[in-house]
Amino acid sequence: MKVLLVVDVQTNVMKRRNTEGLIEACNDIISRYTPEQVIYVVHKLPWERASKKKEFGAGLAVVSDCVFDKRESNAFSNPELLQKLQKLSVDEVEIIGIDGNYCIKETALGALENGLKTTVNTRAVVSKNEKAFGDTEQCLRDAGVNITSE
């Protein structure tokens, strides 16, 4: 089974980044999946309470209540995410969101480390440093991540 990981598309992370077109691209990709195949990941800062709700980016299609917190760049740092994927018999993930050079990269590498076929869809990925993202894409390709922009 393949699932979509929507990473850090939240208002506090969108600040100071060029996110023009991001929500539309995310929503288009989200619409290709059933609600059961869409998992949201939100970043919480170390000093934030676990119970603190994060606000998704305005207009983001939230089609499921499957939301996992993370406190590190790699979404798989939350063991509950991998447990959920194993329970669903997931063998492949597509990753979209923010920031391509950090959380998207580390989550993609974490997915590979956990034996998952991994795709990063750059159509719905933004990075604070867009110039550096070219090097990040090559690093991910070299590691075995499929890069697409469909």
Side-chain angles (χ1 to χ4, degrees), residues 1-129 133 136-137 140 143 145-150:
M1 178 180 179
K2 181 177 181 180
V3 297
L4 178 67
L5 299 180
V6 182
V7 179
D8 296 350
V9 183
Q10 57 198 70
T11 55
N12 66 314
V13 177
M14 293 175 77
K15 293 177 183 173
R16 297 178 304 283
R17 288 176 176 81
N18 179 6
T19 58
E20 183 178 339
L22 175 67
I23 296 296
E24 295 80 4
C26 287
N27 288 347
D28 178 56
I29 295 166
I30 290 168
S31 73
R32 300 174 193 174
Y33 290 85
T34 65
E36 298 78 27
Q37 293 174 288
V38 180
I39 297 173
Y40 300 88
V41 179
V42 294
H43 191 86
K44 291 196 176 168
L45 299 171
W47 57 85
E48 292 178 318
R49 291 182 181 188
S51 61
K52 181 177 181 175
K53 294 279 186 194
K54 292 301 214 169
E55 184 179 319
F56 290 111
L60 181 69
V62 181
V63 299
S64 82
D65 60 358
C66 192
V67 180
F68 290 89
D69 296 343
K70 65 179 179 63
R71 296 197 182 264
E72 298 176 22
S73 294
N74 180 356
F76 290 92
S77 62
N78 179 342
E80 293 175 3
L81 174 60
L82 183 59
Q83 292 167 4
K84 175 71 171 181
L85 298 182
Q86 290 170 336
K87 183 177 179 182
L88 293 172
S89 299
V90 170
D91 59 358
E92 183 175 357
V93 295
E94 180 175 358
I95 303 170
I96 59 175
I98 306 170
D99 180 289
N101 293 313
Y102 298 100
C103 297
I104 299 300
K105 174 187 175 187
E106 295 303 323
T107 296
L109 295 173
L112 284 178
E113 289 171 8
N114 283 289
L116 299 167
K117 182 177 177 189
T118 305
T119 298
V120 170
N121 192 329
T122 60
R123 183 166 165 246
V125 171
V126 297
S127 302
K128 192 170 189 177
N129 184 345
F133 188 60
T136 298
E137 283 184 72
L140 291 171
V145 174
N146 179 44
I147 305 291
T148 188
S149 59
E150 299 175 356

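As a basis for the values below, the full set of heavy atoms in this structure was taken, side chains included, without hydrogen atoms, waters or symmetry mates.
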What are the two closest heavy atoms between [X] and [Y], and how far apart are they?
{"X": "Glu92", "Y": "Val90", "result": "O-CG1, 3.4 Å"}
{"X": "Leu85", "Y": "Leu116", "result": "CD1-CD1, 3.8 Å"}
{"X": "Gly97", "Y": "Val9", "result": "CA-CG2, 3.7 Å"}
{"X": "Gly100", "Y": "Thr136", "result": "O-CG2, 3.4 Å"}
{"X": "Ala108", "Y": "Leu140", "result": "CB-CD2, 4.0 Å"}
{"X": "Leu112", "Y": "Ala143", "result": "CD1-O, 3.4 Å"}

Next on the checklist: Restricting to salt bridge (charged side-chain N to carboxylate O under 4.0 Å, His left out), what partner residues turn up for Glu137, sequence neighbours left out?
Outcome noted: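 With neighbours one apart ignored, the set is Arg141.
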Checklist entry - By salt bridge (charged side-chain N to carboxylate O under 4.0 Å, His left out), which residues pair with Asp28, not counting sequence neighbours? => result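 For Asp28 the salt bridge (charged side-chain N to carboxylate O under 4.0 Å, His left out) partners, ignoring immediate neighbours, are Arg32, Arg123.
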Next on the checklist: Applying side-chain hydrogen bond (donor to acceptor under 3.5 Å, both in side chains) as the test, list every pair that has at least one member in residues 71-90; sequence neighbours left out.
Outcome noted: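 Of all non-adjacent pairs touching residues 71-90, none passes side-chain hydrogen bond (donor to acceptor under 3.5 Å, both in side chains).
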With sequence neighbours excluded, what pairs up with [X] under the side chain to side chain donor-acceptor pair (under 3.5 Å) test?
{"X": "Ser64", "value": "none"}
{"X": "Ser149", "value": "none"}
{"X": "Asn12", "value": "Gln10"}
{"X": "Thr122", "value": "none"}

Enter the distance from [X]:[atom1] to [Y]:[atom2] here, rounded to the nearest 0.5 Å.
{"X": "Asn27", "Y": "Leu22", "atom1": "CG", "atom2": "CG", "value": "9.0 Å"}
{"X": "Thr119", "Y": "Ile95", "atom1": "OG1", "atom2": "CD1", "value": "8.5 Å"}
{"X": "Ile29", "Y": "Asn121", "atom1": "CD1", "atom2": "CG", "value": "3.5 Å"}
{"X": "Thr19", "Y": "Glu24", "atom1": "OG1", "atom2": "CD", "value": "9.0 Å"}
{"X": "Leu4", "Y": "Ser31", "atom1": "CG", "atom2": "OG", "value": "10.0 Å"}

Next on the checklist: Test: ring-ring contact (aromatic ring centres under 6.0 Å, His included). Region: residues 64-107. Which pairs qualify, not counting sequence neighbours?
Outcome noted: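 Not a single pair qualifies under ring-ring contact (aromatic ring centres under 6.0 Å, His included).
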Checklist entry - Which residue pairs satisfy the ring-ring contact (aromatic ring centres under 6.0 Å, His included) criterion with at least one member in residues 10-41, sequence neighbours excluded? => result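 Qualifying pairs: Tyr40-Phe56.
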Next on the checklist: Does Ile39 form a side chain to side chain contact (heavy atoms under 4.5 Å, CB included) with Val93? I'd like the steps, not just the answer.
Outcome noted: CA-CA 10 Å; Ile39 297 173; Val93 295; over 6 Å; no
Checklist entry - For residues 39-48, which residue pairs qualify under salt bridge (Lys or Arg N to Asp or Glu O under 4.0 Å), counting only residues two or more places apart or in two chains? => result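 Checked against salt bridge (Lys or Arg N to Asp or Glu O under 4.0 Å) - neighbours excluded - the pairs reaching residues 39-48 are Lys44-Asp69, Glu48-Lys52, Glu48-Lys54.
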Item to check | Residue pairs passing the salt bridge (Lys or Arg N to Asp or Glu O under 4.0 Å) test where at least one lies in residues 96-114, sequence neighbours excluded | outcome: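 Applying salt bridge (Lys or Arg N to Asp or Glu O under 4.0 Å) to every pair that reaches into residues 96-114, excluding sequence neighbours, yields Arg17-Asp99.
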Checklist entry - Considering residues at least two apart in sequence or located in another chain, which fulfil the side-chain contact (heavy atoms from CB on, under 4.5 Å) criterion with Val41? => result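 Per chain and number, Val41 pairs via side-chain contact (heavy atoms from CB on, under 4.5 Å) with Val7, Lys70, Ala75.
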Checklist entry - Counting N and O atoms only, with roles assigned by atom type, does the side chain of Asn146 sit under 3.5 Å from a partner on the main chain of Thr118, one being a donor and the other an acceptor? => result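 Checking the backbone N and O of Thr118 against the side chain of Asn146, no donor-acceptor pair under 3.5 Å is found.
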